Amino acid sequence: MTYSLEVSLLCGFFLLVIVVCGFIYRNKNRLKNDIEAKTEMFKKAFDISEDAVLLLDKKMKIVYANPVALKLLSLDSEYQGKPLSPMPSVKIKKEWIPFDQFLKHLPAKSEEKMHRFPQSSLHSGEDQHYSIPVNLYIDCAETKDESACCTIVLIHDLRNEYERHKVAYRHKLTDLPNHLQAKEDLHKIFSKIHLHNKKLALMLIELDNFSQIRSMIGYDQSESVLIGFAQYLDNLSRSSSFYVYHTYSNHFLICIPVVETADEVVYLGRQIQQRLSSLYKVNNVRFHLTATIGISIYPDSGSTLVLLDRAYKALAKAQKNGLGQIAVYEQNEYEKKYDEIEIYNALSEAIDKKEFEVYYQPIIRSKGKEVVGAEALVRWTHKQYGMIPPDVFIPLLEKSGFIIELGKFVLSEVLKQQKRWEMFKFKPIEVSINMSILEIESEGFVENVSRQLTEHQVSPELLRFEITEGVAMKNEVEADQQLQALKKLGVSIALDDFGTGYTSFGYLKKFPAEVLKIDKSLVEYITSNEEEQRIVKAMIDLGHNLGMKIVVEGIETNEMAEMMTEFGADYLQGYYFSKPIPAYEFQEMIRL
Ligand code: C2E
Ligand code: CA
Ligand code: CA
């Protein structure tokens with residue numbers, strides 16, 4: 001009885017085990033089916049993606065490649081489990097690197113962010129001479145089973161966009177860059193204008209009486225006149241280094257980025273007019289064509305913002321004088337001077353109108369010449385006067401009190417920029433901001449810095465404030481309090497323009513700065529003046545003895561840089577390395 005009970009209990013138990021196992025097995029199978037179905041779904045989604053998608057395992061073997069990836073990288077359709085062949089390469093910092101090496105040496109990424117390499121170049125592997133512009137995104141899919149981890153590569157081919165851009169930015173008839181391209185190029189050219197002290201010229205050329213010519217020689221013939229003229233200008237632009245645009249039907253624009261005098265621009269205009277008069281023949285008879293030309297020159301004709309308008313004004317003036325004339329826009333003396341009252345009034349609206357922009361000048365480590373920081377220097381582009389130097393408007397801002405607003409603006413721009421650089425993995429650098437006397441005296445200055453640091457989530461070590469020797473000494477007590485409070489936030493302090501005032505050793509000893517910036521006036525003739533050499537050397541030693549790092553400003557030649565390095569300066573700043581430049585240009589120096 002007991003035996004049969006035991007047997008039936010055991011049978012019951014086995015039955016239960018079988019049922020449970022069956023249940024688990026069924027669920028597991030369902031789960032497996034589920035995963036397979038989902039994988040299949042994702043694969044399908046990737047299969048129709050317009051971007052190339054590639055999954056590589058730990059050993060760089062292909063797990064999956066969608067059809068676009070197969071085509072773009074010239075891969076064999078039997079790719080699974082095989083390494084990339086041919087091996088593509090990517091261009092990083094002007095160097096071509098095989099793709100597997102590139103993936104192996106990627107910097108460690110923060111958890112949730114993928115690696116992004118916008119506007120990179122790729123060789124498909126097959127044709128090493130043909131580089132493809134791409135946006136590259138790399139991430140990894142981690143699983144509990146480490147061996148199953150995958151690198152996900154997404155490649156967005158930019159060729160179609162470039163092609164579309166090319167079509168939109170060229171004149172349909174003559175294939176010269178059109179008005180859209182002119183607008184883009186001028187913006188870039190103007191932003192670099194301060195990098196040299198040369199002039200820049202715009203020349204507008206209008207073929208005269210074009211509709212009359214059309215009615216005389218017909219539509220097709222008049223089109224070939226335009227094509228012939230465009231070709232002539234295009235050839236000329238190559239030999240004379242200027243930019244040429246076909247803006248509208250019978251209008252052409254020339255931009256000459258570097259000129260010495262207006263005369264040379266007028267001479268070029270005459271040369272073009274002469275060629276035009278013999279460009280076109282009908283039945284072997286020369287058809288006399290003329291063009292009227294308007295010229296504007298920066299800075300003689302006004303700021304970059306109004307330069308194109310002024311070329312049109314010059315064109316209108318030339319047309320008044322008859323066909324085939326040339327006129328240069330001349331600004332009268334009254335217009336040229338800064339009208340202090342006008343500037344003063346305009347300043348109050350300048351921030352809202354977004355006329356201020358923060359430029360960055362690199363600060364270089366003297367040993368190794370690596371960019372380790374930057375000074376933020378504000379620029380103001382006034383509608384009428386163009387770029388106004390800070391030496392003109394900062395004192396006016398101080399008079400009106402607007403400097404506090406500007407200071408807040410500069411700080412928030414710098415912090416935003418720092419955050420962008422952090423997000424896009426640029427090299428972290430310390431950015432210095434100039435502090436004015438009113439800011440030191442104003443209440444709530446330190447609180448604003450603290451609030452903005454928190455708001456923008458930027459580490460205080462990436463921020464430094466510069467206070468000039470003069471300001472610090474005039475407001476010793478307030479300056480000391482504010483600087484101590486700033487230091488508590490974790491930002492550092494530099495004593496600016498050192499050597500222009502009369503700071504006593506006693507004062508300097510207790511001054512809470514980590515950095516001493518030796519003023520540019522002290523190094524102007526340093527390479528030939530032994531007295532200057534002795535003074536600057538003593539200053540560097542003094543700063544070092546007080547535990548400060550030294551920046552020497554105003555480095556304009558290699559000789560100066562070498563001498564200051566030899567004297568022990570820690571950092572160098574000056575036109576020799578770079579003038580202050582817009583953020584997008586500066587960031588090329590800190591691209592990793
Ligand atoms: P700073 O603080 O002494 O700035 C350095 C100045 O020297 C800058 O003039 C810079 O362009 C110029 N510089 C740099 N390297 C060289 C060089 O190799 N040779 C020569 N000759 N000059 C060089 P910038 O930008 O015209 O600024 C002038 C002053 O305006 C600054 O003098 C600073 O006191 C003030 N400033 C500029 N931006 C701001 C700002 O955002 N806030 C405040 N409060 N003041 C500012
Ligand atoms: Ca400064
Ligand atoms: Ca300075």
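Computed from a prediction, not measured in an experiment: that's the story for all the values here. Indexing begins at 1, ligand by ligand and atom by atom, following the structure's order. Residue indices begin at 1 and follow the sequence shown. Side-chain atoms are counted along with the backbone in the values below, which use heavy atoms only and exclude waters and symmetry mates.
Closest to atom 38 (N) of ligand 1 by heavy atom, among Asp391, Ile555, Val378, is Val378.
By the 6.0 Å contact criterion, NZ on Lys369 is enclosed, its count of non-hydrogen atoms from other residues, nucleotides or ligands being greater than 12. Within a 6.0 Å sphere centred on CD of Glu559, heavy atoms belonging to other residues, nucleotides or ligands number 12 at most.
Note on ligand 1: Lys579 sits outside its first shell, no heavy atom being nearer than 4.0 Å. Using 4.0 Å as the threshold, Glu375 has a heavy atom nearer than that to some atom of ligand 1. Note on ligand 1: Glu556 sits in its first shell, one or more heavy atoms being nearer than 4.0 Å. Put simply, no part of Pro389 is less than 4.0 Å from ligand 1, judged by heavy atoms.
No hydrogens or angles considered: nothing links the side chains of Tyr329 and Asp300 as a donor-acceptor pair under 3.5 Å. Between the side chains of Asn529 and Glu524, not a single donor N or O lies within less than 3.5 Å of an accepting N or O. Between Ser521 and Asp519, the side chains place a donor N or O and an acceptor N or O closer than 3.5 Å (distance only, hydrogens not considered). Side-chain N/O atoms of Glu184 and Tyr169 include a donor and acceptor closer than 3.5 Å.
Residues that satisfy the side-chain contact (heavy atoms from CB on, under 4.5 Å) test with Ala346, not counting sequence neighbours, are Trp380, His382.
What sits closest to atom 37 (C) of ligand 1 on the protein, heavy atoms only, is Leu377 CD2, 3.6 Å. The nearest protein atom to atom 11 (O) of ligand 1, hydrogens excluded, is given as Pro580 CG, 3.4 Å; this is a heavy-atom distance. Ranking the protein heavy atoms by distance from atom 36 (N) of ligand 1 puts Ile394 CD1, 4.1 Å first. Looking from atom 34 (O) of ligand 1 to the surrounding protein, the closest heavy atom is Asn434 OD1, 4.5 Å. Residue, atom and distance of the protein heavy atom nearest to atom 18 (O) of ligand 1 are Tyr575 N, 2.8 Å. Considering only non-hydrogen protein atoms, atom 3 (O) of ligand 1 sits nearest to Asp497 OD1, 3.3 Å. Nearest to atom 27 (O) of ligand 1 among the protein's heavy atoms is Pro390 CG, 3.6 Å.
Contacts between Lys517 and ligand 1 below 4.0 angstrom, taking non-hydrogen atoms only, are absent altogether.
Ligand-side atoms of ligand 1 in range of Val410: 41 (O), range being under 4.0 angstrom from any heavy atom. Residue-ligand proximity, Ser436 to ligand 1, at heavy-atom distances under 4.0 Å covers atoms 44 (N). Of all the atoms in ligand 1, the ones that sit under 4.0 Å from a non-hydrogen atom of Gln361 are 14 (C), 15 (N). Atom numbering of ligand 1 starts at 1 in the shown order; those under 4.0 Å from a heavy atom of Asp496 are 2 (O). Per-residue contacts place Arg379 under 4.0 angstrom from the following atoms of ligand 1 (heavy atoms of the residue considered): 11 (O), 25 (O).
Although no hydrogens or angles enter the test, the distance criterion places a donor-acceptor pair under 3.5 Å between the side chain of Asp570 and the main chain of Ile550.
At least one N or O atom of Lys520, backbone or side chain, sits closer than 3.5 Å to an N or O atom of ligand 1.
At least one side-chain heavy atom of Leu268 sits under 4.5 Å from a side-chain heavy atom of Met203.
Ser492 pairs with exactly one of Glu514, Lys549, Glu430 by the side chain to side chain donor-acceptor pair (under 3.5 Å) rule, that one being Glu430.
The six-membered or imidazole ring of Phe402 lies away from that of Phe409, with a centre-to-centre distance of 6.0 Å or more. Aromatic rings from Phe356 and Phe393 are positioned such that their centres are separated by under 6.0 Å. Taking the ring centroids of Phe586 and Trp421, they lie under the 6.0 Å cut-off.
Around the Ca ion (ligand 3), the protein contributes the following N, O or S atoms at distances under 3.0 Å: Asp496 OD1, Asp497 OD1, Glu553 OE1, Glu553 OE2.
Taking all atoms of both residues into account, the shortest heavy-atom contact from Ile272 to Ile254 is CD1-CD1, 3.7 Å. Nearest heavy atom pair, residue Asp234 against residue Ser237, reads O-OG, 2.6 Å.
A salt bridge links Lys517 to Glu553: one of the charged nitrogens lies within less than 4.0 Å of a carboxylate oxygen.
Distance remark: protein heavy atom not present below 4.0 angstrom from atom 9 (O) of ligand 1.
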